[in-house]
Novice: 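One structure, pasted below without further comment.
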Amino acid sequence: MSQQSQNRALVIVNTHFHSSDGDVAFGTRRGAKREVEKLSKVLSRLNYAVKLAHNRTAKEIEDLYRQECCHEHGNYFVSIISSHGEEGVIFGCDTEPVQLSRLFRILSSGKCPVLRKIPKIFFIQACRGKELDRGVFLECDSGEPEPEHEPEPLLDFLSIPPQTVVTFACSPGYVAFLNPSGSMFLQALLKVLEGEERHLDLVRLLTRINGAVAFHCQARGTYDGCKQMPCFVTNLQQEVFPFSA
């Protein structure tokens, strides 16, 4: 009897950024490499063959996803991206943008038949704008505080391949926090994968992560008190248990 292929995980973390002329660009992402190394070890224990890539250019990031189309896959494909970003974009270490929709198209059914029926799960630790989430009042004698401005409508619909889940560290337009001890989002993911909650259906697991970050995490230092709200989009058609190894 042939042995089933192992699940695969692609983990990409960018910590140092230089433009084409060699100038240092953006800020150094202290703590990012350490936390994805921990996540890679946990995924390895959960039956994933993990490829960890550090400080890759925009082109190299796209090439890494194209290479996944040439591998045999088990029941799930997981990808973690940790970098600087904007809405719909993450940055290579060369400061060049990578459209997330472009990465998703690389793994679409037409371009990557080996992943056609396999759930594809993305965790994106990157900013999606420059807004700071100051949180909301859960209880207030004077009623709901008036918003400072009307929220902008969602102009672009994120197109993802079938059988895909994309989880973002923050809401559209907002920043995602990182400090030397790690990020709110990936630290919450790490805690879940190391505990019994990893046996949950994926949607329930992601909802637990949302709650943990929203209610139990806040920024310190310069942005003391600021909050973060992860969110995810999915077109899965059934419950999946990708971390119940």
Side-chain angles (χ1 to χ4, degrees), residues 4-14 36 39-40 43 46-53 56-83 85-92 96-126 128 154-172 176 185-186 189 193 200-207 209-210 230-244:
Q4 185 169 346
S5 299
Q6 194 175 15
N7 299 328
R8 290 186 59 82
L10 174 59
V11 182
I12 300 170
V13 55
N14 287 338
V36 298
L39 281 164
S40 296
L43 287 170
L46 298 178
N47 193 39
Y48 282 84
V50 181
K51 181 176 181 60
L52 174 59
R56 299 303 174 95
T57 66
K59 182 182 183 304
E60 289 171 339
I61 290 172
E62 292 189 12
D63 288 342
L64 285 169
Y65 283 95
R66 291 190 183 93
Q67 290 167 18
E68 288 301 318
C69 302
C70 303
H71 290 288
E72 291 187 6
H73 289 261
N75 295 320
Y76 302 100
F77 170 73
V78 168
S79 187
I80 300 172
I81 302 175
S82 180
S83 187
E86 296 175 352
E87 180 57 39
V89 168
I90 57 99
F91 289 100
E96 291 298 317
V98 181
Q99 296 286 338
L100 289 174
S101 58
R102 185 176 176 88
L103 298 183
F104 301 147
R105 282 197 298 272
I106 291 173
L107 302 183
S108 64
S109 301
K111 295 181 179 295
C112 189
V114 296
L115 284 172
R116 183 168 61 90
K117 296 182 179 180
I118 295 175
K120 295 163 281 293
I121 305 159
F122 290 84
F123 297 93
I124 312 294
Q125 168 59 39
R128 303 179 70 186
L154 184 62
L155 299 178
D156 297 315
F157 179 75
L158 179 62
S159 177
I160 60 176
Q163 291 289 83
T164 300
V165 178
V166 183
T167 304
F168 296 96
C170 56
S171 300
F185 175 58
L186 292 186
L189 172 61
L193 296 187
L200 292 172
D201 158 63
L202 180 61
V203 171
R204 291 185 63 193
L205 182 150
L206 296 179
T207 303
I209 292 173
N210 283 5
C231 58
F232 60 89
V233 58
T234 175
N235 59 17
L236 289 178
Q237 299 168 1
Q238 69 282 327
E239 292 182 334
V240 297
F241 301 83
F243 306 115
S244 186

Novice: How far apart are the closest heavy atoms of A49 and Q6, and which atoms are they?
Specialist: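 Reported closest heavy-atom pair: CB-OE1, 3.5 Å.
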
Novice: Would you say N75's side chain and P242's backbone share a donor-acceptor pair under 3.5 angstrom?
Specialist: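 Not a single qualifying donor-acceptor pair exists.
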
Novice: Distance check, rounded to the nearest 0.5 Å: I106 atom CD1 versus L115 atom CG?
Specialist: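 Going from the CD1 atom of I106 to the CG atom of L115 covers 12.0 Å.
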
Novice: Heavy atoms only: give me the nearest V89-Q99 pair and the separation to one decimal.
Specialist: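 Shortest heavy-atom contact: CG2-NE2, 3.5 Å.
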
Novice: How close do S109 and R116 get, heavy atom to heavy atom, and via which atoms?
Specialist: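 Nearest pair, atom of S109 first, then R116: OG-CG, 3.4 Å.
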
Novice: How about I209 and F232: do any of their side-chain heavy atoms sit closer than 4.5 Å?
Specialist: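 Side chain of I209 against side chain of F232, heavy atoms only: no contact under 4.5 Å found.
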
Novice: Are side-chain heavy atoms of L205 and F241 found at a separation under 4.5 Å?
Specialist: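 No, too far: nothing below the 4.5 Å cut-off.
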
Novice: Between CD1 of I80 and CG of L39, what distance do you get to the nearest 0.5 Å?
Specialist: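 I80 CD1 to L39 CG: 4.5 Å, rounded to 0.5 Å.
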
Novice: Side chain to side chain contact (heavy atoms under 4.5 Å, CB included) for F185 and F168? Distances and angles first, verdict last.
Specialist: CA-CA 8 Å; F185 175 58; F168 296 96; over 6 Å; no

Novice: Side chains of L202 and I121, heavy atoms from C-beta outward: is any pair under 4.5 Å?
Specialist: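 L202 reaches I121 side chain to side chain.
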
Novice: Taking all non-hydrogen atoms of both residues, which atom of A176 and which atom of A169 are closest, and how far apart?
Specialist: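 Nearest heavy atoms, A176 then A169: CB-CB, 4.0 Å.
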
Novice: For the residue pair F122 and F77, categorise the inter-ring angle as parallel (less than 30°), tilted (30 to 60°) or perpendicular (more than 60°).
Specialist: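 Judged by the thresholds at 30° and 60°, the geometry between F122 and F77 is perpendicular.
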
Novice: May I have all residue pairs that pass side chain to side chain donor-acceptor pair (under 3.5 Å) and include part of residues 58-67, sequence neighbours excluded?
Specialist: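 As it turns out, the side chain to side chain donor-acceptor pair (under 3.5 Å) pairs with a partner in residues 58-67, which skip direct neighbours, are T57-E60, K59-D63, E62-R66, E62-R102, D63-R66, Y65-S79.
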
Novice: Measuring from L189:CG to F123:CZ, what's the distance to the nearest 0.5 Å?
Specialist: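 So the CG of L189 and the CZ of F123 are separated by 5.0 Å.
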
Novice: Can you confirm whether V114 sits close enough to E72 that some side-chain heavy atom of one is under 4.5 Å from a side-chain heavy atom of the other?
Specialist: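 Contact flag for V114/E72 side chains = no.
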
Novice: Okay, side chain of S83, backbone of F91: is any donor-acceptor separation there less than 3.5 Å?
Specialist: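 Checking the backbone N and O of F91 against the side chain of S83, a donor-acceptor pair under 3.5 Å is found.
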
Novice: Quick check: do K120 and C112 have side-chain heavy atoms less than 4.5 Å from each other?
Specialist: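 Side chain of K120 against side chain of C112, heavy atoms only: no contact under 4.5 Å found.
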
Novice: Between L46 and Y76, is there a side-chain heavy-atom distance shorter than 4.5 Å?
Specialist: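 Y76 vs L46: side chains apart.
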
Novice: Compare every heavy atom of L43 with every heavy atom of L193, then report the nearest pair and how far apart it is.
Specialist: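 Closest pair (atom of L193, atom of L43, distance): CD1-CD2, 4.2 Å.
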
Novice: Which pair of non-hydrogen atoms, one from K111 and one from C69, has the smallest distance, and what is that distance?
Specialist: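 Taking every non-hydrogen atom into account, O-SG, 4.0 Å.
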
Novice: What residues, two or more places apart in sequence or in another chain, satisfy salt bridge (charged side-chain N to carboxylate O under 4.0 Å, His left out) together with R105?
Specialist: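 R105: no salt bridge (charged side-chain N to carboxylate O under 4.0 Å, His left out) contacts found.
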
Novice: Of I81, L10, L103, which is the lone residue that meets side-chain contact (heavy atoms from CB on, under 4.5 Å) with I61?
Specialist: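 One option only clears the test, and that one is L103.
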
Novice: Is the shortest heavy-atom distance from the side chain of P119 to the side chain of V165 under 4.5 Å?
Specialist: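 When only atoms from C-beta onward are counted, V165 and P119 do not touch, as no gap falls below 4.5 Å.
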
Novice: Find out whether V78 and N7 are in side-chain contact, i.e. whether some heavy atom of one side chain is under 4.5 Å from a heavy atom of the other.
Specialist: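 Of all side-chain heavy-atom pairs linking N7 with V78, none is under 4.5 Å.
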
Novice: Which residue is it: L206, I124, N210? I am looking for the one with a side-chain contact (heavy atoms from CB on, under 4.5 Å) to P230.
Specialist: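 By the side-chain contact (heavy atoms from CB on, under 4.5 Å) criterion, P230 pairs with just one of L206, I124, N210: N210.
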
Novice: Return the CD to CG distance between Q238 and D201, rounded to the nearest 0.5 Å.
Specialist: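 These two atoms lie 9.5 Å from each other.
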
Novice: Rounded to the nearest 0.5 Å, how far apart are CG of L186 and CD of Q125?
Specialist: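 If we round to the nearest 0.5 Å, L186:CG and Q125:CD are 5.0 Å apart.
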
